[in-house]
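A short worksheet on the structure shown next.
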Amino acid sequence: MGPSPFVNGQDKTLKSENLFDLKTYKIYECLDCGRCTGVCPVAKTHHQFSPRRILSRGISKGLASLSSDQTIWSCLTCKQCENVCPADIPYSEMNKKVRAVSKELNVERTCTHGGVFEQISNLMTRQYIKQNRLEWITNDLMICDSKSYTLFFTGCSPYFAAYFGEPYADTLLGSLKSAIKLMNKIGIEPLLIKNEICCGHDFLLRGEPEKFKTIAQLLTDQIKNTNAKRIVFTCPECMVTLRDEYPKVVGNLGIELIHLSELIESHFDELKFEQTDFSAAFQDPCRLGRYSGLYDQPRNILNSVEGVELKELHHNKKNSICCGNTAWISCDAGTKEMQNKKMKEVTATGSKNLLTACPKCFIHLTCAQDGKEEPASGSIKINDMWNFLGTHLQ
C-alpha cells in the first residue's frame, strides 16, 4: 500500500491557500457540552448531522476527515450554535473553510434548481458579460443616472423574480421599488448600477474562494467607479458579504455600508403611512440578526405604522430559526420540515401573516407552502416588509 496522500491530516495535493490549521478555529477548546447540537435546527431534522460530532471528528482525525464528510454541506451557517457555545468557537467560518478543501476533494452538495443561480454567478465573473438590470424601474421612481452620494445595491432579487415568476416576482421587485420610494421620501435619489455584479456570497458557501476573489474585485471596481460614499442594502447577505468578507480579499472599501432598516429608522419621523389593521409575525434573517445585530430597527419601523401589530415567534431575534436554505444547496425533506415548523410558530401567534426582511427568506418560506392545497401550518400570507411598507406609504 502506497504512502497516504494526507500529511498531518491535510491533503498535500491541495492548493496551499486552502490548507489551514484547525487550531485557528479554536476547535480544541470545545468543551463537548453538546449545546451546539441541542440548538442546531439542522440536527433536529437531519439526525446524522451534529456540530458537536463534527468538531469531535476534527479533533481526533484532523482536516482530512472533516473535508471528506458529506454532512458539512448540511450546515446553514446560521450561527445558532455560536449563540450558545461557551468556548466561542466560530463554527460557521470554519465550515466555509472546510468546504473549500472539500470542494477540491470533489465532495460537494449539488445545487438545487438545476444550478441556475450557480451559473448566473459564474457568468458574472466574466468581464465581457453585460446586463441590463434596471428594466423593472418605473417612472415614479427617482434615481440618479450617473452620480449620487448613495448607491442602492439591489442584489440578485431581479434574477430571482425572473426565474421564479409568480407568486414571487411582484413581491421581490416590489420590495426594491418600495426601498427606492422610501429613500425618495427622505430626500435621497440613489444611484443604481445597470450592470451590477453579484456580491459573491454563495461562492463562499459553495467552497469556491477563488471565484469569490474574482467577483469581489470586479464588484469593487464597479463600486469605486461610482464615487458613491454610501451603499444601502435590503439584502442582508449582500451587506454582510461586502462588510465582513471583502476586506479579507480586496481590502477596505472605504465606503459606508448600511442596511435600509438603519437608514429608515433614523428618518421615520419624516415618513407617513396609511393607517391599517394588520397583524403579523416577523422573521429575523440570520445575516440581519445574528450576523449584524439588527433586531430592533425593522421592528421599530413596522411599529411606527399605525394599526400594525407585530407578533413575536416563539423563536425570535437571536434565537430565530433559519429559513432553511443557504446558497441553494441544502433543500430537502429536512429543510421542508424545518420550514413547516416555522409556519406552525406563525400560526401559534394567532396571526395569518409573516413579514420577512430577506429575499431568500421570502422565497424559501413561500416555497414551503406553494403548491400545497392544505399546508401543515394552514394558510399563511408571506410578504416582504419593504414591499408591505411601500404599499402603505403616503
Side-chain angles (χ1 to χ4, degrees), residues 76-80 152-157 160-161 168 170-183 199 201 231-243 257-268 271 273 278-305 308-313 315-326 339 342-343 345-346 349 351 353-368 380-393:
L76 296 169
T77 65
C78 69
K79 288 196 174 185
Q80 187 89 331
F152 177 37
F153 194 80
T154 61
C156 288
S157 284
F160 297 154
Y168 305 87
D170 277 352
T171 299
L172 291 167
L173 295 181
S175 174
L176 299 180
K177 293 176 182 178
S178 294
I180 296 174
K181 290 177 182 178
L182 287 163
M183 283 187 271
C199 72
H201 170 273
I231 305 178
V232 175
F233 304 86
T234 51
C235 175
E237 284 188 354
C238 293
M239 180 181 69
V240 167
T241 302
L242 270 70
R243 184 193 69 202
L257 307 175
I258 185 171
H259 190 259
L260 184 61
S261 63
E262 298 174 276
L263 177 65
I264 296 302
E265 187 199 32
S266 64
H267 288 273
F268 66 64
L271 299 169
F273 297 93
F278 183 76
S279 169
F282 180 74
Q283 156 73 0
D284 290 281
C286 300
R287 268 66 180 174
L288 189 63
R290 282 183 290 272
Y291 277 73
S292 303
L294 298 178
Y295 299 111
D296 295 333
Q297 289 82 352
R299 288 172 169 81
N300 290 342
I301 295 167
L302 290 165
N303 282 323
S304 71
V305 180
V308 168
E309 180 186 15
L310 284 186
K311 303 278 191 176
E312 292 292 354
L313 298 174
H315 293 93
N316 62 73
K317 296 188 176 181
K318 70 176 184 178
N319 296 315
S320 176
I321 296 174
C322 179
C323 69
N325 194 287
T326 180
Q339 293 163 343
K342 181 172 285 292
M343 292 297 100
E345 282 197 12
V346 177
T349 68
S351 178
N353 297 289
L354 176 66
L355 293 176
T356 65
C358 168
K360 286 184 179 176
C361 286
F362 168 74
I363 292 169
H364 299 146
L365 295 174
T366 300
C367 179
I380 303 297
K381 186 175 181 181
I382 304 172
N383 197 359
D384 174 271
M385 68 169 285
W386 304 114
N387 186 54
F388 169 79
L389 289 168
T391 58
H392 291 80
L393 185 62

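In this text the structure is predicted, and so the values were computed from the model without any measurement.
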Within a strict 4.5 Å, meaning less than it, do heavy atoms of the [X] and [Y] side chains meet?
| X | Y | answer |
| --- | --- | --- |
| His201 | Cys156 | no |
| Ser261 | Ile301 | yes |
| Leu260 | Met183 | yes |
| Gln283 | Ile382 | no |
| Met385 | Pro298 | yes |
| Thr349 | Leu313 | yes |
| Trp386 | Ile264 | yes |
| Gln297 | Leu288 | no |

List the atom of [X], the atom of [Y], and the distance in Å for their closest heavy-atom pair.
| X | Y | result |
| --- | --- | --- |
| Ser279 | Asn353 | O-ND2, 3.0 Å |
| Thr326 | Thr77 | OG1-OG1, 4.2 Å |
| Phe388 | Thr391 | O-OG1, 2.7 Å |
| Gly390 | Ser178 | CA-OG, 3.2 Å |
| Leu76 | Asn325 | CD2-N, 3.8 Å |
| Tyr295 | Lys318 | OH-CA, 3.2 Å |

Report task. Sort and list the pairs that fulfil salt bridge (Lys or Arg N to Asp or Glu O under 4.0 Å) and have at least one residue in residues 284-299, not counting sequence neighbours. Result ->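 The answer is Asp284-Arg299, Asp296-Lys317, Arg299-Glu312.
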Query raised in the report: Can you tell me how far OG of Ser292 sits from CZ of Phe233, rounded to the nearest 0.5 angstrom?
Result: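 Going from the CZ atom of Phe233 to the OG atom of Ser292 covers 10.5 Å.
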**Report entry** Interatomic spacing from CD1 in Ile321 to NE2 in His315 - rounded to 0.5 Å
**Finding:**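 These two atoms lie 4.5 Å from each other.
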Query raised in the report: Which is it for Leu355 and Phe278 under the side chain to side chain contact (heavy atoms under 4.5 Å, CB included) test, yes or no, and what are the steps along the way?
Result: CA-CA 11 Å; Leu355 293 176; Phe278 183 76; 4.0 Å; yes
Query - Side-chain donor-acceptor pair present, His364, Gln339, cut-off under 3.5 Å - result: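 The answer is no; no qualifying pair exists.
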Query raised in the report: Between Tyr168 and Phe362, what is the ring plane arrangement, given parallel below 30°, perpendicular above 60°, and tilted in between?
Result: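 Perpendicular: the ring planes of Tyr168 and Phe362 meet at over 60°.
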